[in-house]
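Sequence lines set the chain letters: A, B, ... in the order given, protein chains first and strands last, and positions in each chain run from 1. Atom set for the values below is all heavy atoms of this structure, side chains included, hydrogens, waters and symmetry mates excluded.
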Amino acid sequence: MFDTQQKDIQAKLNTLAKKKAIKFAPLKWQPIPFNGEWGITTTFFQTAANEAKDGKNKGMPVPQRAQEIAEHVKGVVGGVEGISHVEAVNGYLNLYFSTETYVSRIVNLILDQGADYGRGPKKDERIMVEYAQPNTLHSFHIGHARNAILGESLARIVEFSGFETIRASYPGDIGLGVITVLWAYNKFYKGQEPQDVHERGQWLLKIYTEATALLEEKEAESPDDKAQREEYDAERRDMYRKWDEGDPAVRALWLETREWSLEELRDILSMLGIKIDEWFYESEVDKPSKAIVDELIKKGIADDERADGGPVIVKIDEKLGLKKEKYRTAVILRSDGTSLYLTKDLALAKEKFEKYNVDRSIYVVDNRQSLHFQQAFKILELWGFPQAEKCYHLAYGFVTLPEGAMSARSGRVVLFKDVADQAQRRALAAMTERTPEMSSKDRIKVAQQIGLGALIYTMLSVDNNKDIVFNIDDALSFDGRTAPYIQNAFVRANSILRKAGGAPDSASFEHKLAPDETQLIDLISRFPSTVEQAANEYRPLVIATYAYDLANTFHSFYHSVPVIKAEGAEVQAARLRLVAATQQVLENALRLLVINAPEGM
RNA sequence: GCCCCUGUAGCUCAAUGGAUAGAGCAUCGGCCUUCUAAGCCGACGGUUGUGGGUUCGACUCCCGCCGGGGGUACCA
């Protein structure tokens, strides 16, 4: 938006450079730290430092010379269209915008573009974001929730920034953990399953915990206990073997129970507003992954040690010519010929690249698997996939409980559904006295938006790689830096607009802007570049911070600047447009955070 | 041992190499006869783990050390 001004100034600088023989370093423009006025700034420290290096500074300290240059520049910049005044301070050149010109332009732009305001230009790369990879037959806990929320927010952000985006889920539907539940269910609980999807999920968690206890070696175990445990374990392994051979009875049982988990997963994802485009099941990449092992051996990337009773490995460091151990050696096929997690991920990556023509692949998986993905990406690189360079493991920190790590084995988990229900109850309790006029049906819906919002914002307002210690009272707080605070700003804007009968179709901003008004305009104008930054850095936190800042500014504006009772019809019209624009940006930002904006609360 | 992440206010967290390091919670004090008090305004609170280096300028980049977490060939 300020390109023309910047070019104009650059041209004037070039003239000055010739006249005064100053070699300007390239200028970086950034917003002036907010001080009640609105503008952009640049420094001349680099230019002054370069002069000092060339011995042309006449012994003047760098900051002093930078200030001198800034003053020279101020002298020649003169009148630039849209700039109200220029100042040189501390080596900085500050250009303040004539707000009238820009304010209406920004507000008009936002209200014209609506839900599309902030959308980036279409990019010609296709991104696949893989998230929501819970193991089936294991309940969906708040750790899975962080994963799903982070993945969905990221998908929305990169999509909004202009990338064609595919959302992928990769449930772990087979493995010893799955078989353990299947075995225990079949042996002790068949036919006793509850009908409700979530009750069934909790029930399966109980079975898993019990089964683990039965199969675990205990201290001071009697011979009978030991024999019993070994018998159970043999049954379990036998079941896994049958699954592998495709035994119809085991497969049927497996499919039926798998569907229970998938039903619950779909229910939770839909509650969060998540629509997955492609489902990849771990069980389905098992076969293709074995073919890949042969190919890697043929290409000389993998070493086959099976003749000596060993596995198939890739000596990554050696292949890359690294002396220090970094990527180490990865096993890609067990000595018994079965595949591993890494093998399957290689097969999946190949499919993503070849069948889905993915240019970039983002894996939202917790940070304990960093080495795994580093190995996978390096093997893909050795294999010759150029896309390997644009594979990115979005490693996020683990969600733990104040009393320690969650553990399904011991049954110490906090289930997402329980937390979501409690969040809704708390929101409902707070709403009952606040909104007596609302129908109970609407109230329940809004309570869910607020409750889930609070939980989601808790997950997104911490940077990707940091652990979250989950304390339910903190996570579901509705005060301060939370989703309800942001939602409330939206609701207040909505309330003003409702009482005023909506915003007019046009208005001119000719009144003297209050500081809170200017800051509001400054923030809403920065939304597009904020989206771009969040997409470039793969960080929903950037949007989470922005949404809070905008809500915070709006709350201040709300208190200090009258809208409906503004002095004069023109000021009122202008402010109504500003409120409508702010509301729109709040809504767009919340959408990227997978949070709904309620009409009232 | 090696690799990755991390260390900022009492607590939880922010801060494209740029101006006086900012929020929330907690504590204390104000504000509901003005558009929703899930709010606003103010006070209190800092040697950014530590020692060097690079730079006009370092929470940010580089190196060493210390503390915390995770990982380290046939689990996922």
For A:Gly91, is there any backbone N or O sitting under 3.5 Å from a side-chain donor or acceptor partner on A:Gln67?
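Judged by distance alone, yes, a pair lies under 3.5 Å.
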Considering only atom [atom1], compute the distance from [N] to [M] and round it to an integer number of Å.
N     : M     : atom1 : result
B:C25 : B:A19 : P     : 26 Å
B:C28 : B:U33 : P     : 24 Å
B:G49 : B:U60 : C1'   : 16 Å
B:U47 : B:G7  : C1'   : 15 Å
B:G30 : B:A37 : C1'   : 14 Å
B:U16 : B:C74 : P     : 41 Å
B:C2  : B:A73 : C1'   : 15 Å

What does [X] touch in the nucleic acid at a heavy-atom separation under 4.0 angstrom: a base, only the sugar-phosphate, or nothing?
X        : value
A:Asp463 : sugar-phosphate
A:Asn552 : sugar-phosphate
A:Gln46  : base
A:Tyr558 : base
A:Arg334 : base
A:Asp474 : nothing
A:Ile450 : base
A:Arg539 : sugar-phosphate
A:Val462 : sugar-phosphate
A:Phe45  : base
A:Val561 : base
A:Gln30  : base
A:Lys28  : base
A:Ile313 : base

Show your working on side-chain hydrogen bond (donor to acceptor under 3.5 Å, both in side chains) between A:Ser339 and A:Asp286 and close with a plain yes or no.
CA-CA 7 Å; A:Ser339 66; A:Asp286 187 50; 2.6 Å; yes
Heavy atoms from C-beta onward define the side chain here; which of [options] lies closest to that of [X]?
X        : options             : value
A:Tyr548 : B:A23, B:A76, B:A73 : B:A23
A:Leu340 : B:C74, B:G24, B:C56 : B:C74
A:Ser556 : B:A19, B:C56, B:C40 : B:C40
A:Ile496 : B:C35, B:C5, B:C74  : B:C35
A:Lys466 : B:C13, B:C40, B:A19 : B:C13

May I ask you to evaluate whether [X] reaches the phosphate of [N], defined as a side-chain N or O under 4.0 Å from OP1 or OP2?
X        : N     : answer
A:Tyr341 : B:A73 : no
A:Arg328 : B:G71 : no
A:Thr43  : B:C56 : no
A:Arg492 : B:A37 : yes
A:Lys326 : B:U72 : no

Kindly indicate whether a cation-pi arrangement holds for A:Arg146 with A:Phe398, taking the cut-offs as under 6.0 Å to the six-membered ring centre and within 45° of the axis.
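Judged by the rule (NZ or CZ under 6.0 Å from the ring centre, within 45° of its axis), A:Arg146 is not positioned above A:Phe398.
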How long is the line joining [atom1] of [X] and [atom2] of [N], in whole Å?
X        : N     : atom1 : atom2 : answer
A:Phe470 : B:C13 : CZ    : P     : 14 Å
A:Leu322 : B:U72 : CG    : P     : 19 Å
A:Gln583 : B:C35 : CD    : P     : 18 Å
A:Phe478 : B:G39 : CZ    : C1'   : 16 Å
A:Glu282 : B:C75 : CD    : P     : 13 Å
A:Ile564 : B:C35 : CD1   : C1'   : 4 Å

Partner lookup for [N], please. Criteria are Watson-Crick or G-U wobble with both distances under 3.5 angstrom; report none if nothing qualifies.
N     : value
B:U16 : none
B:C59 : none
B:C65 : B:G49
B:A43 : B:U27
B:C2  : B:G71

More than 12 heavy atoms of other residues, nucleotides or ligands under 6.0 Å from CD of A:Gln422: is that the case?
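Enclosed.
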Should the heavy atoms of other residues, nucleotides or ligands under 6.0 Å from NZ of A:Lys290 be counted, would the total exceed 12?
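Result for NZ/A:Lys290: enclosed.
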Would you say the rings of A:Phe45 and A:Tyr92 are close, in the sense that their centroids are separated by under 6.0 Å?
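Yes, close enough.
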For A:Tyr92 and B:A19, say yes or no: do the ring centres fall under 5.5 Å of each other while the ring planes differ by less than 30°?
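Stacked: ring centres under 5.5 Å, planes under 30°.
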Record whether the side chain of [X] comes under 3.5 Å of the base of [N] through a donor-acceptor pair of N or O atoms.
X        : N     : result
A:Asn488 : B:A37 : no
A:Gln369 : B:G71 : no
A:Thr41  : B:A19 : yes

Along RNA chain B (nearest heavy atom to each residue), the more 5'-positioned of A:Gln374 and A:Asn494
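It is A:Gln374, whose closest nucleotide lies nearer the 5' terminus.
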If you assign each of A:Glu599 and A:Lys344 to its closest nucleotide in RNA chain B, which residue comes earlier from the 5' end?
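Nearest-nucleotide comparison on RNA chain B picks A:Glu599.
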Using 30° and 60° as the class limits, which term best fits the ring planes of [X] and [Y]: parallel, tilted or perpendicular?
X        : Y        : answer
A:Tyr546 : A:Phe527 : tilted
A:His85  : A:Tyr96  : parallel
A:Trp243 : A:Trp254 : perpendicular
A:Tyr363 : A:Phe377 : tilted

For B:C32, does the O4'-C1'-N9-C4 or O4'-C1'-N1-C2 angle fall within 90° of 0, making it syn, or is it anti?
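Chi for B:C32 falls in the syn range.
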